[in-house]
Number of protein chains: 2
Amino acid sequence: MQHIDFLNYIQRELQINGAEVEEMRQFVPYKPKFLAKNDLFLSVGKVCTSVAFIESGAVLYFRENDDADKLVCDVLFEGSWVTYIQSLVTKMPSDMNIQALEDTRIIEIEQDVLNTFFEKFPKAERLSRKLTEASFIQIAQRAADLQFLTAEERYTKVLKEEPRLIERVPQYYLASLLGIAPQSLSRIRKELSKQSS
Amino acid sequence: MQHIDFLNYIQRELQINGAEVEEMRQFVPYKPKFLAKNDLFLSVGKVCTSVAFIESGAVLYFRENDDADKLVCDVLFEGSWVTYIQSLVTKMPSDMNIQALEDTRIIEIEQDVLNTFFEKFPKAERLSRKLTEASFIQIAQRAADLQFLTAEERYTKVLKEEPRLIERVPQYYLASLLGIAPQSLSRIRKELSKQSS
DNA sequence: CAATCTCGTTCACAAATGTTAAGAAATTAT
DNA sequence: ATAATTTCTTAACATTTGTGAACGAGATTG
C-alpha cells in the first residue's frame with residue numbers, strides 16, 4: 001500500500017536537514033493517528049480545529065441531500081493535507097463531512113500547536129501559505145471545469161490527472177464528484193471503451 | 001448611478017475614526033482611476049500586481065475558447081475588490097482577462113504599496129485576510145452549485161442573491177457565467193415567467 | 001452452501017440542455 | 001430619423017444526462 005512518510009515529506013518540502021527535522025519533532029511529536037474505513041475526521045456541526053497530513057489512505061468530503069445521498073465534494077489521498085478551511089478559519093460549524101474512504105493513517109496537528117510552530121519555523125508557514133494558495137487555484141479550476149466541460153471531458157481529465165480517483169474510489173462516489181448520476185458515468189465509460197477499441 | 005466611496009468604505013469596514021482615515025490617505029492617496037467600458041484591468045499573459053476597489057461600475061472575468069467566445073468566470077460590481085489572486089500571489093502570467101463591463105471607477109493599489117500599508121495598519125491586513133477567506137468560500141460554493149444544482153436553480157439563486165447580475169449583465173454573459181447557452185437561459189426565463197403568472 | 005447485499009451495467013424512456021436558424025426587439029451609429 | 005448592429009427570443013431538432021427498473025458478478029453474512 002502506498003505510504004508517504006510525514007518526516008520525509010517535511011524535510012523534502014521545507015528543504016531542511018535532518019537536524020532541523022529533529023528539532024521540529026519536539027514541537028509536533030510524530031504520533032500517527034489511525035482512521036478506520038468510514039471513521040469521520042470531521043462531521044457536520046463540528047468546528048474544524050486541526051489539519052492532518054495523510055500518510056496513507058484516502059478521505060471523502062461530502063454533504064448529504066434530503067434523500068441522504070452523499071454529495072461528494074472532494075477526495076484526498078496520501079500526500080495531501082486534510083482540513084476544512086471554511087470552518088478552520090471562520091470557527092463556524094462545518095457543513096461538510098470528512099470520512100475515511102479506506103483505512104487511513106494521518107499526522108494530525110491542532111491549530112494552536114500549528115501557530116506556535118509557525119512562529120518557530122517560518123519556512124513551515126511559507127509552505128502552509130503555498131498549500132492554501134494551491135487549494136484556492138484548485139477549487140477555482142474545479143468550478144471552471146464544471147462550468148465549461150461536459151461530463152465526459154471531466155471524466156477523461158480525471159483519468160489523466162488523478163487516476164487514483166478511478167482506481168480507488170467507488171464509481172458512485174466518483175460520479176457524484178463529477179456532478180452526474182452513476183448510470184451516466186457507466187454510460188460514458190462504455191462509450192470511451194468503444195472508441196479506444 | 002450607484003457609487004460607494006472608498007474612504008467611507010474603509011472607515012466603516014476597519015471601524016476607525018476620521019483622523020485615522022486621514023493618516024491612511026498619506027499612504028494610499030485617494031486617486032480614482034477610470035476604466036471606460038471594455039477597457040481591460042488585466043489581460044491574459046500579464047502578471048497581476050495590484051488590487052483595486054470598485055467605487056462604481058462593474059468588471060467581467062473571462063477566458064476565451066477556440067471560437068473566441070467569452071467564457072465568463074465572474075462579474076463584480078461597486079463595493080467589491082478586483083484582482084486576480086492566482087496571478088497576484090504566484091507572480092505567474094494571468095490566464096484570465098478582467099474587463100470593464102460599464103464605465104468603471106476604481107481605487108487601485110499596487111501590491112508593494114499594500115505591503116507597507118499592512119505593516120503600518122494591521123487592521124487593514126485583517127480585512128484583507130477576511131476578504132481572501134470570503135473569496136475562497138465563495139468559489140467553493142460556486143463549484144458546489146455547478147455540481148449539484150440545475151441551470152434553473154442556479155438562475156433563481158442568482159436572481160435572489162445578486163439581482164445586479166440580472167439587471168446589469170447582458171444575458172449571454174450571464175448564461176456563460178451559469179454554464180449554459182444563451183438560448184437555454186432564455187428558455188428558463190420563459191418557463192419561470194409562465195409559472196409566476 | 002445458500003441467502004443477502006452491494007455495486008456496476010444495461011435498457012427504455014423522460015427531462016434538460018445544446019445547436020442551428022430565423023426573426024423580433026433593443027441599442028448604437030450615421 | 002434611419003440604418004446598421006447587437007441582443008434576445010422562439011422554434012425545431014439533436015444530444016446529453018437523469019430516472020427507474022432489471023440483471024448479474026462478486027463480496028459478505030448467516
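The figures here come from the full heavy-atom set of this structure, side chains too, leaving out hydrogens, waters and symmetry mates. Worth saying up front: this structure is predicted, and the values here are computed from it rather than measured.
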K.L.:
State, yes or no, whether a side-chain contact exists between B:Glu152 and B:Lys157 at a heavy-atom distance under 4.5 Å.
P.N.:
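No - every pair of side-chain heavy atoms lies 4.5 Å or more apart.
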K.L.:
Output the rounded distance in Å from CD (B:Glu191) to P (D:dT10).
P.N.:
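The answer, rounded to whole Å, is 10 Å.
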K.L.:
Rounded to whole Å, how long is the line connecting atom CG of A:Leu178 with atom C1' of D:dT16?
P.N.:
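About 15 Å, once rounded to whole Å.
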K.L.:
Considering only heavy atoms of chain A and a distance under 4.0 Å, specify the first and last nucleotide of DNA chain C in 5' to 3' order that meet this criterion.
P.N.:
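First and last nucleotides in contact are C:dC7 to C:dC11.
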K.L.:
In this structure, how many angstroms lie between the P atom of D:dT15 and the CD1 atom of A:Ile188, rounded?
P.N.:
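The distance from CD1 of A:Ile188 to P of D:dT15 comes to 16 Å, rounded to the nearest Å.
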K.L.:
On DNA chain D, does the nearest nucleotide to B:Ser184 precede the nearest nucleotide to B:Tyr172 from the 5' side, or the other way round? Give the residue.
P.N.:
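It is B:Tyr172 whose nearest nucleotide is closer to the 5' end.
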K.L.:
Any non-hydrogen side-chain atom of B:Phe41 less than 4.5 Å from a side-chain atom of B:Leu35?
P.N.:
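When only atoms from C-beta onward are counted, B:Leu35 and B:Phe41 do touch, with a gap below 4.5 Å.
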K.L.:
Report yes if at least one side-chain N or O of B:Lys190 is closer than 4.0 Å to OP1 or OP2 of D:dA11; otherwise report no.
P.N.:
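Answer yes for this pair, as a side-chain N or O of B:Lys190 is under 4.0 Å from OP1 or OP2.
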K.L.:
Taking the side chain as every heavy atom from C-beta outward, state whether A:Ile106 and A:Phe53 have any pair of such atoms under 4.5 Å apart.
P.N.:
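They are not in side-chain contact.
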K.L.:
Run the side-chain contact (heavy atoms from CB on, under 4.5 Å) test on A:Asp103 and A:Phe34 for me, step by step, so that the C-alpha distance in whole Å, both residues' side-chain angles and the decisive distance to 0.1 Å come before the verdict.
P.N.:
CA-CA 7 Å; A:Asp103 291 343; A:Phe34 295 90; over 6 Å; no
K.L.:
Under 4.0 Å, counting only non-hydrogen atoms across every strand here, what does A:Pro170 touch: a base, just sugar-phosphate, or nothing?
P.N.:
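Sugar-phosphate, backbone atoms only, no base.
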K.L.:
Rounding to an integer number of Å, can you tell me how far A:Gln183 CD sits from D:dG20 C1'?
P.N.:
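It is 8 Å, rounded to the nearest whole Å.
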K.L.:
A:Leu185 CG to D:dT19 P: how many Å, rounded?
P.N.:
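So the two atoms are 15 Å apart, to the nearest Å.
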K.L.:
Over how many whole Å does the gap from B:Tyr173 atom OH to D:dT7 atom P extend?
P.N.:
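Computing the B:Tyr173:OH to D:dT7:P distance gives 7 Å.
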K.L.:
When you look at A:Lys194 and A:Glu191, which way does the salt bridge (charged side-chain N to carboxylate O under 4.0 Å, His left out) test go after all the steps?
P.N.:
CA-CA 5 Å; A:Lys194 268 191 211 165; A:Glu191 285 307 310; 3.4 Å; yes
K.L.:
Hey, is the side chain of B:Gln171 poking within less than 4.0 Å of OP1 or OP2 on D:dT9, counting only N and O atoms?
P.N.:
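The answer is yes; a side-chain N or O of B:Gln171 sits under 4.0 Å from OP1 or OP2.
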K.L.:
Can you give me the bend angle of the helix from C:dC1-D:dG30 to C:dT30-D:dA1? Use the axis through the first five pairs and the one through the last five, nearest 10 degrees.
P.N.:
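End-to-end axis angle: 40°.
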K.L.:
For atom CD of B:Gln15, is the number of surrounding heavy atoms from other residues, nucleotides or ligands below 6.0 Å larger than 12?
P.N.:
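Count not over threshold, so no.
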K.L.:
Taking the six-membered ring for Trp, are A:Phe27 and A:Phe121 ring centroids under 6.0 Å apart?
P.N.:
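Under 6.0 Å, so yes.
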K.L.:
Which one, D:dG20, D:dT17, D:dT9, comes nearest to the side chain of B:Arg189?
P.N.:
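It is D:dT9.
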K.L.:
Would you say A:Asp145 and A:Gln141 are linked by a side-chain donor-acceptor pair, where the criterion is simply a distance under 3.5 Å?
P.N.:
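On atom types as modelled, these side chains qualify, holding a pair under 3.5 Å.
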K.L.:
Taking C-beta and beyond as the side chain, do A:Ile98 and A:Tyr84 meet within less than 4.5 Å on heavy atoms?
P.N.:
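With C-beta onward as the side chain, the pair touches.
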